Amino acid sequence: MGLRVVQWATGGVGVAAIKGVLEHPDLELVGCWVHSADKAGKDVGDIIGTGPLGVSATNSVDEILALDADAVVYAPLLPNPDEVAALLRSGKNVVTPVGWVYPSERQGAPLREAALEGNVTLHGTGMAPGGISEKFPLMMSIMSTGVTFVRAEEFSDLRTYEAPDVVRHVMGFGETPDKALSGPMQKLLDGGFIQAVRMVVDKVGFNADPKVRATQEIAVASAPIDSPIGTIEPGQVAGRKFHWEALVDGEPVVQVTVNWLMGEENLDPAWTFGPEGQRYEMEVRGNPDIAVSIKGFQSAIGGEGPEYGIVGTAAHCVNSIPAVCEAEPGIATYLDLPLISGKAAPSLR
């Protein structure tokens, strides 16, 4: 049998992670924690729509802690360090897309202690942050010398994001500009993206200011916009940009930007994605300059199927599990793990 895996939470990433575990030749699903009492006791396969799997979901943390398992894919909406510490102390490696991509010594100390106590490893991963924001630009930079600038940027249409409460109350769309700017989104994003910037700074060797500069911009609707949260009226928030920059002598040397738009029409300022549309971009300036544009993680508007950025986030977690289980106890970042790949489809093995 393969490594025994527990899935923590069954939101979009959680469901995709379970399906990924089922396809992975070295992994076995043995448990699942759910937040909702309505899901507790149900077969996990019935929750994710695959048919019975013989694994029942539970909303008991104690049951998960007592379970014989090698790893947990920890994917709640918001991280709880106390939960992660308890999982680590129970002897379970934790792979998560909600934090700890590159924690500072102070940020990581309590969880590193818990991991050492449980003789296991914590690894933060994901999409952005957790992949395109730092891991893949660093991989690209190996083919350039004299690096002067590294950039990672997301361009996403939020009309495909099927979580209306999150879009409105967390992301701030449909709110007044003042309410959005003072809302939780900047702080929620800062933790992961500042870590991503610092990883690039440290690995490339920039003599950057210790403080990462974080800024944001707002676009409002100039006419009514149809959206998953209902009609966004003129003057309400319909576009957001977040920037994180590491500076040397006041000039950016590492920049990570998120562009979230509720479509490209009726925005003030008149932001667009440009002719390339939705994508992720990565750029390394040096000798030579390198630029990459990645498509496929953002779903087409009105298209069917899952949001592939969520699927990719889950896949990054799932495919990392064997390497994390083999790593030295503590906190392992990308800089501590070997090359990781996907696995062939079951029909091709």
Side-chain angles (χ1 to χ4, degrees), residues 1-100 108 110-126 163 166 310 313-327 329-332:
M1 303 300 288
L3 295 167
R4 295 166 59 84
V5 179
V6 171
Q7 174 57 44
W8 185 287
T10 54
V13 172
V15 169
I18 291 168
K19 294 177 179 178
V21 168
L22 297 177
E23 286 191 331
H24 198 291
D26 302 323
L27 305 177
E28 175 191 3
L29 184 73
V30 298
C32 179
W33 182 87
V34 290
H35 181 269
S36 168
D38 293 339
K39 294 180 181 179
K42 290 186 176 181
D43 189 287
V44 176
D46 293 333
I47 294 174
I48 69 170
T50 61
L53 298 174
V55 178
S56 296
T58 179
N59 61 351
S60 169
V61 174
D62 289 339
E63 287 184 18
I64 294 296
L65 295 177
L67 192 62
D68 178 19
D70 298 292
V72 177
V73 178
Y74 179 78
L77 178 61
L78 297 173
N80 181 333
D82 292 337
E83 290 173 344
V84 176
L87 290 168
L88 293 167
R89 289 193 182 95
S90 75
K92 297 172 182 63
N93 296 279
V94 175
V95 179
T96 179
V98 292
W100 304 287
L111 293 179
R112 184 176 292 106
E113 180 181 333
L116 293 174
E117 184 177 331
N119 197 36
V120 290
T121 303
L122 169 64
H123 176 60
T125 183
V166 175
I310 290 174
T313 298
H316 209 175
C317 292
V318 169
N319 288 323
S320 300
I321 291 171
V324 174
C325 288
E326 292 179 5
I331 296 178

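Not measured: the values here are computed from a predicted model.
For the atom pair R112 CZ and L88 CG, the distance stands at 11.5 Å (nearest 0.5 Å). Rounding to the nearest 0.5 angstrom, the gap separating the CG atom in L65 from the CZ atom in R89 is 11.0 Å. Here the straight-line distance linking atom NE2 of H35 with atom CG of N59 works out to 9.0 Å at 0.5 Å rounding. Between the CG atom in L3 and the SG atom in C325 there is a gap of 5.0 Å [rounded to 0.5 Å]. Between E117 atom CD and L111 atom CG the span is 12.0 Å, to the nearest 0.5 Å.
No side-chain heavy atom of P76 sits under 4.5 Å from any side-chain heavy atom of W33. With contacts defined as side-chain heavy-atom distances shorter than 4.5 Å, the pair I18/C32 qualifies. Residues L122 and T96 form a side-chain contact, since some pair of their non-hydrogen atoms from C-beta on lies under 4.5 Å apart. Using a 4.5 Å cut-off on side-chain heavy atoms (C-beta onward), V94 and V120 make no contact. The shortest side-chain heavy-atom distance between V73 and V5 falls under the 4.5 Å cut-off. Counting heavy atoms from C-beta on, the side chains of E63 and L67 never come closer than 4.5 Å. Counting only heavy atoms from C-beta outward, the side chains of V84 and P79 never approach each other to under 4.5 Å.
Below 30°, between 30° and 60°, or above 60°: for W8 and Y74 the angle between ring planes is between 30° and 60°, a tilted geometry.
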Enumerate donor-acceptor pairs with a distance under 3.5 Å from any side-chain N or O in residues 39-51 to protein atoms, sequence neighbours excluded.
{"from": "K39", "atom 1": "NZ", "to": "T10", "atom 2": "OG1", "distance (Å)": "3.0"}
{"from": "D43", "atom 1": "OD1", "to": "G45", "atom 2": "N", "distance (Å)": "2.8"}
{"from": "D43", "atom 1": "OD1", "to": "L53", "atom 2": "N", "distance (Å)": "2.7"}
{"from": "D43", "atom 1": "OD2", "to": "L53", "atom 2": "N", "distance (Å)": "3.2"}
{"from": "D43", "atom 1": "OD2", "to": "G54", "atom 2": "N", "distance (Å)": "2.8"}

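Residues passing the salt bridge (Lys or Arg N to Asp or Glu O under 4.0 Å) test with D38, sequence neighbours excluded: none.
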